[in-house]
2 protein chains.
Amino acid sequence: MNRAPVRQPPKTVSPSLRQTRPVPKSEAIPFDRRQQILVEAARLFAAKGFEATSVREIAQATGILAGSLYYHFASKEELFVAVHAAGMEILIRTAQEAIRDVGDPWDRLAAAAAAHCTALLESSDFMLLVVPNFPKSIGQYRAELIHQRDAYEGIIGDLVSKLDLPAEIDAKLFRLHFIGALNWTQTWYRPTSGLAPAEIGRQLVAMLRPFPPSGVTATVG
Amino acid sequence: MNRAPVRQPPKTVSPSLRQTRPVPKSEAIPFDRRQQILVEAARLFAAKGFEATSVREIAQATGILAGSLYYHFASKEELFVAVHAAGMEILIRTAQEAIRDVGDPWDRLAAAAAAHCTALLESSDFMLLVVPNFPKSIGQYRAELIHQRDAYEGIIGDLVSKLDLPAEIDAKLFRLHFIGALNWTQTWYRPTSGLAPAEIGRQLVAMLRPFPPSGVTATVG
DNA sequence: TCCTAACAAACGAGCGATTGTTTGGCAAAT
DNA sequence: ATTTGCCAAACAATCGCTCGTTTGTTAGGA
């Protein structure tokens, strides 16, 4: 793509991408333009993909001009990283809340799966682009994105490690396939027809459970 | 300055995925420029994504100029559709060969899974872009791509329908999650470390098998 | 065996549009 | 007086694509 005169010098990439930005001190509406940009960018990235979305589109959706975007974000790529981080934050919080009060390891995994699907398929647009493999042209920020993603997958990994899997099942591969099936739902899920997101997640766990729980089985519907 | 068919090395490319195009009258080996473009486009699309790959890049990789591309393909999007079709053809053929001599339904699914992963992770670049959700800017060709994909997923659906699944497992959801886990492998698979593609696919079936086969268990490795 | 017309396949300049980004200025708020 | 947030206008680069031209090869007629 373009990227203008390749300008490397400044390179003040904040590691936590916590853009130090003055908090409006007035008690008026905390009308956060930066947040607004994030929302619109997430929606457009999700709908059209990263490369196919222009900064002018994002700006227009936000109600500002293209150039004004660069007051809030150093580049289009850093904007993407910020959206990705916000999405991962939502995902992590959702999962942790879902498993908080569940004891049985398999039930905890099912709760996490349900939460994952719900957040993925029903919640904001922040995740529709977080899940698939991110744009190749993200280049230098790749490591940061992977780090953000690992933070979440580690949670799933912990849940999996508590399961009593058959000896011939590799826990790591189990986690990868599990997350894969969950994340893939966003390529086929349509909100109008079929099962609800939470049930889609729960049923995946039911399929993977080596020995279905004795007693009452879940009522599907 | 080469005009006319430049005789390059034999370059025996897959004779299968061919489209209607003027067949050279001489019985000499037809050096298929169109096929060459498909290969290079697949490689670049896989490496950088559709939108991030320019027609000039594809042309340069093929050894021609950008304008010459349009003699073979009407547009960049039609080129993508052709690459997608070629990839799906490979996938379908691979799967059908893999299950041909297998009888047991679960073993047939395992064979298909192994073949899928092998083609996906080891074979040509034709599939690295086939699997994830295709570029949003593909627009008018979306229906055609989905049709191509459905042709393959129907094969998997047939295999799943022959399984004796527990009553509480929905066959359709089983198929979706199964394909999802398979396709997601390409986001995390690295050829150097870990299991081989075929084993990754087989183990997924092992995880999903409600009652592991009695008698001898599969020798892993 | 030559001439000629047709054809296939590529060149290469350049079109208009769009890309991400920079810059200077300006009104309001601090 | 300074900072904040944005506008307006450009910037260079690149995008997909068109089109007239040019070349090597082939077929047919004389």
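Residue numbering restarts at 1 for every chain, and letters A, B, ... go by the order of the sequence lines.
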For [X] and [N], give me the distance from atom [atom1] to atom [atom2], rounded to whole Å.
| X | N | atom1 | atom2 | answer |
| --- | --- | --- | --- | --- |
| A:E57 | C:dT19 | CD | P | 7 Å |
| B:E51 | D:dT14 | CD | C1' | 15 Å |
| B:I64 | C:dA8 | CD1 | C1' | 14 Å |
| A:L69 | C:dT19 | CG | P | 13 Å |
| A:F50 | C:dT19 | CZ | P | 13 Å |
| A:Q60 | C:dT18 | CD | C1' | 14 Å |
| A:F80 | C:dT21 | CZ | C1' | 20 Å |
| B:Y70 | C:dA13 | OH | C1' | 16 Å |

Are [X] and [N] close enough that a side-chain N or O sits under 4.0 Å from OP1 or OP2?
| X | N | answer |
| --- | --- | --- |
| B:S68 | C:dC11 | yes |
| A:S54 | C:dT19 | yes |
| B:R33 | C:dA10 | yes |
| B:H72 | C:dA10 | yes |

Report yes if a donor N or O on one partner sits less than 3.5 Å from an acceptor N or O on the other, where the partners are the side chain of B:R56 and the base of C:dG14; otherwise report no.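 Such a pair exists between side chain and base.
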Test ring-ring contact (aromatic ring centres under 6.0 Å, His included) on A:Y141 and A:F80 and set out the steps. CA-CA 9 Å; A:Y141 299 97; A:F80 179 87; 9.4 Å; no
Residue whose closest nucleotide on DNA chain D lies nearer the 5' end, B:K76 versus A:I37: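 The residue closer to the strand's 5' end, by nearest nucleotide, is A:I37.
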Report the relative orientation of the aromatic rings in B:H116 and B:Y152; use parallel for angles under 30°, tilted for 30 to 60°, perpendicular for over 60°.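 It falls in the tilted class, 30° to 60°.
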Please work out if B:T53 contacts a base, only the sugar-phosphate, or nothing of the nucleic acid, heavy-atom cut-off 4.0 Å.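 Sugar-phosphate only.
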State whether A:Y70 and A:K76 meet the cation-pi test: NZ (Lys) or CZ (Arg) under 6.0 Å from the six-membered ring centroid, and within 45° of the perpendicular axis.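 No; the conditions do not both hold, so A:K76 does not lie above the ring face of A:Y70.
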So, do A:W184 and B:L182 sit near enough that their side-chain heavy atoms are less than 4.5 Å apart?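 Contact flag for A:W184/B:L182 side chains = no.
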If you take the centroid of each ring, where Trp contributes its six-membered ring, are B:F126 and B:H84 closer together than 6.0 Å?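 Centroid distance B:H84-B:F126: not below 6.0 Å, so no.
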Where the side chain of B:Y71 is defined as all heavy atoms beyond and including C-beta, which of D:dC17, C:dA10, C:dA9 is the nearest nucleotide?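 Nearest to the side chain of B:Y71 among the choices is C:dA9.
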Closest nucleotide among D:dA8, D:dT18, C:dG20 to the A:L65 side chain: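 Of D:dA8, D:dT18, C:dG20, D:dA8 is nearest to the side chain of A:L65.
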